[in-house]
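Worth knowing before you read on, the calculation uses all heavy atoms, side chains too, and leaves out hydrogens, waters and symmetry mates. By convention in this document, chain letters (A, B, ...) are assigned in the order of the sequence lines, proteins followed by strands, and residues within each chain are numbered from 1.
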Protein chains: 2
Amino acid sequence: MSNFPFQRLQIDLAALIDRTSPGQRLPSEPDLAKQLGVSRATLRDAMRTFETQGLIRRRQGSGTFVVGKVQALDSGLEVLESLETMAKRFGLEISVSNLSVERVAADQNTAENLNLALGAPVLSVRRVIRTDGRPVAYLADTLPVDVLPLSDLPIEFHGSVLDLLLGRGDPLKTSRANISAIGATADVAKALEIQRGDVLLHFYSQLFDERGKVVDYSLSYFIPGYFNFHVVRRVGG
Amino acid sequence: MSNFPFQRLQIDLAALIDRTSPGQRLPSEPDLAKQLGVSRATLRDAMRTFETQGLIRRRQGSGTFVVGKVQALDSGLEVLESLETMAKRFGLEISVSNLSVERVAADQNTAENLNLALGAPVLSVRRVIRTDGRPVAYLADTLPVDVLPLSDLPIEFHGSVLDLLLGRGDPLKTSRANISAIGATADVAKALEIQRGDVLLHFYSQLFDERGKVVDYSLSYFIPGYFNFHVVRRVGG
DNA sequence: CAGTGGTCTAGACCACACG
DNA sequence: GTGTGGTCTAGACCACTGA
């Protein structure tokens with residue numbers, strides 16, 4: 001037995017995944033652990049790295065499946081557009097699930113980011129974006145109710161606040177997106193059907209209208225591999 | 001004992017960290033596990049989430065320490081600048097370690113990204129950026145040797161390829177940065193003194209000159225919390 | 001050297017999916 | 001019910017730090 005179980009495991013697992021057709025199930029964790037001569041904990045640790053890369057997908061109760069390559073959407077960040085619009089440009093089917101629209105009171109953080117008083121009424125819109133049946137992004141928008149009252153929502157609202165505002169002709173100007181990487185918290189992990197701590201690309205952004213007022217504050221979480229964001233940077237100050 | 005050890009643990013740990021002064025050491029893992037009534041494995045899992053947030057720092061052989069809040073550098077992505085330049089703008093001290101400069105043959109990936117033949121000679125420059133003694137970023141640049149021969153490096157090269165090229169007056173134009181989130185691989189984790197799988201913000205970018213030639217291909221890895229990158233997005237296509 | 005965090009094991013129980 | 005992945009435990013050994 002090697003002195004570096006983890007490295008050897010990664011190699012063995014990579015080979016196994018490689019020779020397994022997309023959609024097929026891998027052996028169960030106890031079986032695999034026995035086959036590969038490691039404990040289940042170590043096996044799971046190695047499997048997590050492959051799940052992060054999007055090569056496998058684990059589902060409690062049913063098994064671990066090999067995932068086929070998916071088309072990634074590559075988009076520049078210079079122009080703000082909804083994921084729906086972006087997908088349409090690429091001819092990719094996406095769907096929305098877990099849509100939740102609530103009228104709530106602004107907490108500390110929300111109030112600060114929207115320039116509102118603590119406890120001011122805001123509309124909270126949350127949704128999960130899926131392609132190919134898999135969750136790939138979790139989006140949470142928060143707006144002052146005077147920008148978008150609950151009553152202004154169309155019956156068939158599919159979730160994109162941006163598209164709604166644009167369709168209404170609101171005088172929007174820019175969005176400022178802060179970019180970071182985080183581990184999934186318990187609630188986001190559940191919505192995205194991934195594990196707590198899994199790697200996510202995270203945007204936190206504010207949407208401004210022409211007068212400089214913040215009309216929307218949003219948190220976006222992306223599972224790596226499905227969306228490629230890029231930005232073209234000018235050289236020199 | 002609660003049915004949700006992990007959630008309770010997070011609360012208890014947060015409280016412990018909160019009442020411990022920055023720089024102080026926490027009790028050892030076996031001790032803490034006993035105090036909090038969980039196994040060491042579970043404790044470590046919870047601790048990982050706090051380390052990801054930059055609240056604690058674990059060092060093999062010496063212990064786990066509470067980290068004070070650090071100043072984050074907030075920078076827009078519209079203009080390409082070196083981390084050194086960025087830090088100078090903010091008056092923050094940074095240092096470089098693990099500087100490595102090598103002349104190597106282009107592998108498949110490098111060749112594609114630099115538009116070179118497989119095996120063409122390239123210069124590989126890697127370095128770790130530190131502030132406050134802590135590694136915060138790992139940067140790897142690769143350039144064709146005809147852009148930057150080893151012999152052109154100044155004696156006191158501190159690591160920024162971009163600043164070197166700009167200082168020489170090279171006709172650079174734009175950089176295209178692809179943004180993603182990844183878990184640290186073993187080698188990057190070692191350089192950044194973090195754990196394998198820890199969350200990192202990752203840029204992979206190509207630097208173009210005025211004629212559209214790729215003069216540099218770079219991989220950047222950032223520990224979240226030390227740098228804030230943002231981008232201003234225009235509304236409407 | 002003793003003590004720390006890093007890794008791994010073997011086994012247990014749970015929540016969930018699916019027939 | 002049966003089998004899956006998700007969580008947790010108790011204990012072992014290793015690699016590293018620092019007195």
Side-chain angles (χ1 to χ4, degrees), chain A residues 1-10 12-13 17 24-52 55-67 133 183-187 189-190 192-198, chain B residues 1-10 12-13 17 24-52 55-67 133 183-187 189-190 192-198:
Chain A
M1 184 143 8
S2 164
N3 284 326
F4 302 101
F6 186 84
Q7 291 182 31
R8 181 175 47 79
L9 234 195
Q10 283 204 313
D12 291 349
L13 259 185
I17 291 171
Q24 291 304 108
R25 215 194 69 190
L26 295 181
S28 77
E29 294 186 355
D31 287 358
L32 250 188
K34 193 170 291 184
Q35 277 182 39
L36 300 174
V38 296
S39 72
R40 201 182 142 212
T42 304
L43 173 68
R44 282 178 57 75
D45 196 18
M47 281 188 142
R48 177 189 297 208
T49 69
F50 288 96
E51 188 168 36
T52 294
L55 295 174
I56 59 174
R57 175 74 183 283
R58 294 188 279 182
R59 269 194 285 247
Q60 184 173 12
S62 58
T64 300
F65 300 83
V66 173
V67 176
T185 55
D187 54 331
K190 185 161 191 180
L192 289 176
E193 298 172 17
I194 58 178
Q195 264 50 66
R196 166 175 34 83
D198 280 0
Chain B
M1 187 142 8
S2 164
N3 284 326
F4 302 101
F6 188 83
Q7 291 181 31
R8 180 174 48 80
L9 234 195
Q10 283 205 314
D12 291 349
L13 259 185
I17 291 172
Q24 291 304 107
R25 215 194 71 192
L26 295 181
S28 76
E29 294 185 354
D31 287 357
L32 249 188
K34 192 170 292 182
Q35 278 182 40
L36 300 175
V38 296
S39 73
R40 202 181 143 211
T42 304
L43 173 68
R44 282 177 57 74
D45 196 17
M47 282 189 140
R48 178 190 298 206
T49 70
F50 288 95
E51 187 168 36
T52 294
L55 295 174
I56 59 174
R57 175 75 183 285
R58 294 188 279 183
R59 270 194 283 248
Q60 186 174 9
S62 59
T64 299
F65 300 83
V66 173
V67 177
T185 55
D187 54 333
K190 185 160 191 181
L192 289 176
E193 298 172 15
I194 58 177
Q195 264 50 66
R196 167 178 28 87
D198 280 359

query = Does A/R59 pair with A/E193 as a salt bridge, N-O distance under 4.0 Å?
reply = no
Note to self: Is A/T42 close enough to C/dT9 that one of its side-chain N or O atoms is under 4.0 Å from OP1 or OP2 there?
What the structure shows: yes
query: So, B/T52 versus B/T49: side-chain donor-acceptor pair below 3.5 Å or not?
result: no
Which of D/dG6, C/dG6, D/dT9 is nearest the side chain of B/E29? It is C/dG6
Rounding to 0.5 Å, atoms OG (A/S39) and CD (A/E29) come to a distance of 11.0 Å
B/Q195 CD to C/dG6 C1', in whole Å, measures 7 Å
Separation of D/dG3 atom P from A/L26 atom CG, nearest Å, is 19 Å
note: B/D45, atom CG; C/dG6, atom C1'; distance rounded to Å ~ 14 Å
**Message:** Using a heavy-atom cut-off of 4.0 Å across all strands, would you classify A/R44 as base, sugar-phosphate, or nothing?
**Reply:** base
Original post:
Counting just side-chain N and O atoms, does B/R40 come under 4.0 Å of either OP1 or OP2 of C/dG5?
Top reply: no
B/Q7 CD to D/dC8 C1', in whole Å, measures 14 Å
Side-chain contact check for B/F6: nearest option of D/dG5, D/dC8, C/dT9 is D/dC8
B/R59 CZ to D/dG18 P, in whole Å, measures 8 Å
Rounded to whole Å, the CZ-C1' distance (B/F65 to D/dG18) equals 11 Å
side-chain contact (heavy atoms from CB on, under 4.5 Å) between A/R196 and B/F6, worked out:
CA-CA 11 Å; A/R196 166 175 34 83; B/F6 188 83; 3.1 Å; yes
To the nearest angstrom, the CG-P distance between B/L32 and C/dG3 comes to 17 Å
| said: Taking atom types as they are modelled, would you say the side chain of A/Q60 forms a donor-acceptor pair with the base of C/dA15 within the 3.5 Å cutoff? | reply: yes
ask   = Reckon B/R25 touches a base, only the sugar-phosphate, or nothing at all at heavy-atom distances under 4.0 Å?
value = sugar-phosphate
Any side-chain N or O of A/T64 less than 4.0 Å from the OP1 or OP2 oxygen of D/dT4? no
A/M47 CE to D/dT7 P, in whole Å, measures 15 Å
Item to complete: Show your working on side-chain contact (heavy atoms from CB on, under 4.5 Å) between A/V66 and A/L55 and close with a plain yes or no.
Response: CA-CA 6 Å; A/V66 173; A/L55 295 174; over 6 Å; no
Original post:
Any side-chain N or O of A/S39 under 4.0 Å from OP1/OP2 of C/dT9?
Top reply: yes
Side-chain atoms of A/S28 come closest, of D/dT9, C/dT9, D/dT4, to D/dT4
- Message: Over all strands shown, is A/R196 touching base, sugar-phosphate only, or nothing at heavy-atom distances under 4.0 angstrom?
- Response: sugar-phosphate
